[in-house]
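Counting begins at 1 with the first residue of the sequence.
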Amino acid sequence: MLRIAVPNKGSLSGPAAEMLHEAGYQQRRESKELRIVDPVNEVEFFYLRPRDIAIYVASGQLDIGLTGRDLLIDSGAEAEEILALGFARSTFRYATKPGTISGLADLTGKTIATSYEGIVAAHLAEHGIDASVVHLDGAVETAIQLGVAQVIADVVETGTSLRNAGLEVAGEPIMQSEAVVIRRTGADADDSKVQQFLRRLQGVLVARTYVMMDYDCRVEQLEKAVALTPGLESPTVSPLHNEGWVAVRAMVPAKEAQRIMDDLYDIGARAILTTAIHACRL
């Protein structure tokens, strides 16, 4: 069986379980379950602390895992990202008191508090910055106020927590993170079971990104209509009973669907509708 690590809690857990369910895999019914077997799909799921997943995968005891890019890099484990999943996005930034730091070079000689020591140490080394890193498990915003550090490095979303602590972001982002699928570095890239798993998740990603659009239009407007809905390879065009009309079907980006419907209507297309895509293979 394919052995897969899944986050057991936190911001990664719910969306990961939802994506796996959409991909056709059985998921646990209770949060206390640490392992389940999906015999139909020949998969065994292990529910682990998100920070530990890269370590387990790197050991070779588990084939692949779902975790955050930030947690993968921070762990320093011999594992690699093979698919980005598009959820749990976050940005890592340095922050300090206003007017203290204008650029990365100003971090030289400073003490930086963070919960992600591996990420920060690697980023500093990459840019040749000599600074000290202090590891804290959480609430790093208070580190500057209490004199533990002059700078913090943490996830920044709206920036509200930083402003409430009297801090501001400094310099360019350290990294952009999101949920990813990982495997052990050097593992067989052509493993058929892993490739099937990835195809299923890719199918979910596409299904979330596109909708199916159907509409009728006159033959003389078909070229304009097809230019608006080119589909992935080419739209499906079928003649209607009424002479001079055709039915068109194509996949279109969900975010652009309303605009495309307006444009189609303006050139004379009618009976325009969209339907959700629940699964696909490209």
Side-chain angles (χ1 to χ4, degrees), residues 4 6-7 11-29 38 40-43 45 66 69 81-91 157-158 176-181 192-282:
I4 302 174
V6 184
S11 61
L12 291 166
S13 178
E18 183 179 351
M19 175 169 276
L20 291 169
H21 176 73
E22 289 181 39
Y25 294 103
Q26 178 182 335
Q27 288 297 285
R28 62 180 181 174
R29 296 180 179 179
D38 182 349
V40 174
N41 293 299
E42 297 184 329
V43 173
F45 292 104
L66 279 66
R69 182 181 296 134
E81 174 183 333
I82 55 176
L83 179 66
L85 298 177
F87 63 85
R89 289 190 171 101
S90 60
T91 303
E157 296 179 0
T158 63
Q176 303 286 343
S177 182
E178 64 182 293
V180 296
V181 180
S192 60
K193 290 183 178 180
V194 172
Q195 291 304 315
Q196 182 187 65
F197 178 79
L198 294 177
R199 282 195 298 273
R200 286 200 184 190
L201 295 191
Q202 287 167 336
V204 172
L205 292 172
V206 173
R208 291 177 173 183
T209 305
Y210 289 86
V211 294
M212 189 66 72
M213 184 170 289
D214 293 89
Y215 59 90
D216 301 338
C217 75
R218 294 197 61 83
V219 172
E220 55 266 29
Q221 298 298 327
L222 181 59
E223 290 304 315
K224 291 182 179 179
V226 168
L228 292 170
T229 59
L232 297 185
E233 281 83 25
S234 177
T236 300
V237 179
S238 307
L240 292 178
H241 180 70
N242 288 342
E243 188 175 351
W245 284 81
V246 292
V248 183
R249 163 170 277 202
M251 289 173 64
V252 302
K255 291 182 178 179
E256 300 178 22
Q258 292 295 334
R259 177 189 60 78
I260 293 172
M261 293 175 78
D262 291 337
D263 292 344
L264 287 171
Y265 191 89
D266 289 343
I267 65 172
R270 295 296 182 266
I272 310 167
L273 58 91
T274 63
T275 51
I277 301 170
H278 296 292
C280 68
R281 295 290 186 277
L282 298 181

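- Put simply, the side chain of R69 gets close to the backbone of Q176: a donor and an acceptor are under 3.5 Å apart.
- Closest approach of M261 to T274, counting heavy atoms only: SD-CG2, 3.9 Å.
- The shortest non-hydrogen separation linking A207 to C280 is N-SG, 4.1 Å.
- Under a cut-off of 6.0 angstrom, the local environment of CZ in R29 is sparse, with at most 12 non-hydrogen atoms contributed by other residues, nucleotides or ligands.
- Under the 30°/60° scheme for interplanar angles, the aromatic rings of F197 and Y25 are found to be tilted.
- Looking only at distances, no side-chain donor or acceptor of D216 sits under 3.5 Å from a matching main-chain atom of W245.
- Heavy-atom minimum distance, V219 versus V246: CG2-CG1, 4.0 Å.
- Rounded to the nearest 0.5 Å, atoms CD (Q26) and NE2 (H21) are 11.0 Å apart.
- Residues V248 and P235 come closest through the heavy atom pair CG1-CB, 3.9 Å.
- Contact between A225 and C217 at its shortest, heavy atoms only, is CB-SG, 4.1 Å.
- Atom CG of residue D38 and atom CZ of residue R28 lie 15.0 Å apart, to the nearest 0.5 angstrom.
- Taking each heavy atom of L12 and A88 in turn, the nearest pair found is CD2-CB, 3.5 Å.
- A cation-pi arrangement is present between R270 and Y265 under the rule of less than 6.0 angstrom and at most 45 degrees off the ring axis.
- Within the 4.5 Å cutoff, side-chain heavy atoms of L198 are placed close to those of V194.
- Considering CD of Q221 and CG of D266, their distance stands at 11.0 Å, rounded to 0.5 Å.
- Heavy atoms from other residues, nucleotides or ligands lying under 6.0 Å from CD of E220 number more than 12.
- Summarising the geometry, atom CZ belonging to R200 is positioned 13.0 Å from atom CD belonging to E22; distances are rounded to the nearest 0.5 Å.
- Taking CE from M212 and CD1 from I277, the interatomic distance works out to 4.5 Å, rounded to the nearest 0.5 Å.
- Interatomic distance, I260 CD1 to I272 CD1, rounded to the nearest 0.5 Å: 10.5 Å.
- At least one side-chain heavy atom of M19 sits under 4.5 Å from a side-chain heavy atom of F87.
- R249 contributes no side-chain N or O that, together with a main-chain N or O of T236, makes up a donor-acceptor pair within less than 3.5 Å.
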